[in-house]
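Down below is the structure, laid out as structure tokens.
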Amino acid sequence: MAKTINRRSALRTMLYIAGGTLILPACFRDSGRASIKLTHLSIKESDEVMLESLVEVLIPADDTPGGKELLLHLFVLKMVDDCHDPESQKQFEDGLKQFATWSQKQLSMPFNDAERNQQTELLTRVEESDDESLIAFFKIMKRRAIQGYMSSSYVMTNLVNYEIAPGRYNGYFPMDN
Amino acid sequence: MANIVGDTVKARTFDAIVIGSGASGGWAAKELTEKGLKTLVLERGRDVAHIKDYPTTNLYPYELEHRGEITYADKQANPIANRCYAYKEDTKHFFASDEEHPYIQEKEFDWIRGYQVGGKSLIWARQTQRWSQYDFEGPARDGFAVDWPIRYADIAPWYDHVERFVGIAGNKDGLDTLPDGEFLPGYPLNAVEDYFQKTVHQHYGKQRHIISARCAHLSEPKAIHIEQGRVKCQNRVLCQRGCPFGGYFSSNSSTLPWAMKTGNLTLRPFSTVHSILYDQDQQKAIGVKVIDTDSGEEIDFLQRLFL
């Protein structure tokens with residue numbers, strides 16, 4: 001039986017979505033959790049929650065929003081669902097499930113239950129594992145999360161100071177060493 | 001745009017008819033209307049009015065559903081259009097879709113089309129080099145075709161004429177293979193390109209030259225460009241969305257509005273030319289048969305000069 005949706009948090013989620021990304025076709029899980037409608041991917045809610053933690057570990061909040069607040073896990077899902085070929089989508093799905101199993105084994109507890117520093121340390125070891133789909137998933141997730149972050153409204157407006165009409169071209173802009 | 005009402009021959013007769021509103025059609029319209037000729041420009045696609053019909057031109061990356069990326073489904077539906085570097089989420093509405101306009105390829109040929117007012121002048125790469133004497137002499141020299149009856153010297157003043165109006169940025173490089181023209185200040189090379197240029201010159205200076213490409217951008221607009229309603233290029237690198245500054249040359253920003261100002265232009269979108277009407281007695285083309293792609297009706301337009 002569907003629980004009642006907390007309208008305040010649903011509204012806040014929609015606003016962040018509107019501010020951060022074009023309005024995603026939103027839907028709600030049975031738990032009441034806001035999510036997006038996917039056409040090709042099939043993701044369990046628990047894996048989605050894990051993905052949300054993953055993007056937060058990858059891009060943690062400090063005095064600026066992190067992956068969770070910017071809903072990067074939904075961005076990752078949307079881009080994989082719409083822009084990846086079927087083979088890549090399968091790798092992502094399999095790898096995500098694999099990550100749940102693998103991280104549980106490595107940490108002796110579900111990924112979400114571990115301490116932040118343990119989670120961070122675990123991510124540095126993903127590419128050492130033998131599992132192809134795990135590594136493929138991680139690469140896709142990382143690439144899309146970073147893309148979502150760098151092109152988000154918050155980052156482009158406040159951190160990068162994106163200028164849509166620079167009115168100049170400086171071919172000798174100095175790189176910091 | 002003059003409304004063609006009624007079924008009188010007079011309403012369907014013009015001094016000149018131009019088929020297509022791309023770069024060439026826009027120029028024909030400008031030259032003909034400037035000379036006082038009542039000119040009909042027929043475009044198969046929809047109208048794209050400068051600035052008004054550039055829906056994505058001011059969108060920020062996060063305002064695009066996939067941040068500018070093309071979906072997998074689109075890549076499957078439009079495999080050839082997707083080979084074009086300029087075909088992205090923010091510009092695909094200016095490209096003819098392969099689904100709607102398929103064609104047979106015996107050998108690979110990427111036929112990229114823009115079926116709207118302005119045509120490919122909206123989405124082109126704006127790289128504009130003059131042909132040199134070697135290009136005009138090519139068929140005769142290399143024997144691959146019938147010798148052309150004209151040479152670079154004949155066309156040079158017309159290159160001047162067009163370049164002045166369009167606005168071409170470039171340097172006087174003094175190369176006979178890529179002739180200099182009526183240029184606005186050329187865009188400088190960046191640090192890496194400068195180094196590359198120097199090194200190539202060092203090793204291959206006699207045979208190979210690295211130059212800043214001549215491009216149809218207003219690096220520094222002149223009075224003629226301001227008069228067109230165009231201002232300095234803002235270095236947005238979003239050209240193929242259509243430029244609200246008119247910073248690069250397109251029919252939409254330049255020749256068509258100019259022709260419209262003369263009062264002699266009739267621009268008719270949704271008009272596919274079916275056939276040329278040829279009068280056997282006069283031994284002349286006297287007009288065109290158009291299919292209106294909106295209503296499906298056939299209309300004959302008549303003209304005194306034909307292009």
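Chain identifiers are assigned alphabetically (A, B, ...) following the order of the sequence lines, protein sequences preceding nucleic acid strands; residue numbering begins at 1 within each chain.
Expressed to the nearest 0.5 Å, how far CD of B/E65 lies from NZ of A/K78 amounts to 3.5 Å. Rounding to the nearest 0.5 Å gives a distance of 12.0 Å between OG1 of B/T71 and NE2 of A/H84. Distance check: B/E63 CD to A/I164 CD1 gives 7.5 Å after rounding to the nearest 0.5 Å. A distance of 6.5 Å separates CZ of B/R67 from OG of A/S152, quoted to the nearest 0.5 Å. Between atom OG of residue A/S151 and atom CD of residue B/E69 there is a gap of 9.5 Å, rounded to the nearest 0.5 Å.
Heavy atoms from other residues, nucleotides or ligands lying under 6.0 Å from NZ of B/K261 number more than 12. Counting heavy-atom neighbours within 6.0 Å of B/H101 NE2, excluding the residue itself, gives a total above 12. For A/K97, the NZ atom sits in a packed shell: over 12 heavy atoms of surrounding residues, nucleotides or ligands are nearer than 6.0 Å. The local environment of CZ in A/F173 is sparse, with at most 12 non-hydrogen atoms from other residues, nucleotides or ligands closer than 6.0 Å. With a 6.0 Å radius and a threshold of 12 heavy atoms from other residues, nucleotides or ligands, B/K172 has its NZ atom above the threshold. Atom CD of B/Q105 is surrounded by more than 12 heavy atoms from other residues, nucleotides or ligands within 6.0 Å. Within 6.0 Å of CD on B/Q127 lie more than 12 heavy atoms contributed by other residues, nucleotides or ligands. Other residues, nucleotides and ligands contribute only 12 or fewer heavy atoms inside 6.0 Å of the CD atom of A/E132.
For chain B, the nearby parts of A/Q147 are the backbone and the side chain; heavy atoms of each come within less than 4.5 Å. Only the side chain of B/L238 comes within less than 4.5 Å of a heavy atom of chain A; its backbone N, CA, C and O stay farther away.
You'll find the side chain of A/M156 reaches within 4.5 Å of the side chain of B/Y62, heavy atoms only. Between A/P86 and B/Y72 the shortest side-chain heavy-atom distance falls below 4.5 Å. B/D194 has its side chain within reach of A/Y172: a pair of non-hydrogen atoms, C-beta onward, lies under 4.5 Å apart.
Between B/Y187 and A/Y169, the ring center distance fails the sub-6.0 Å criterion.
The heavy-atom pair separating B/Q234 from A/P166 by the smallest distance is O-CD, 3.3 Å.
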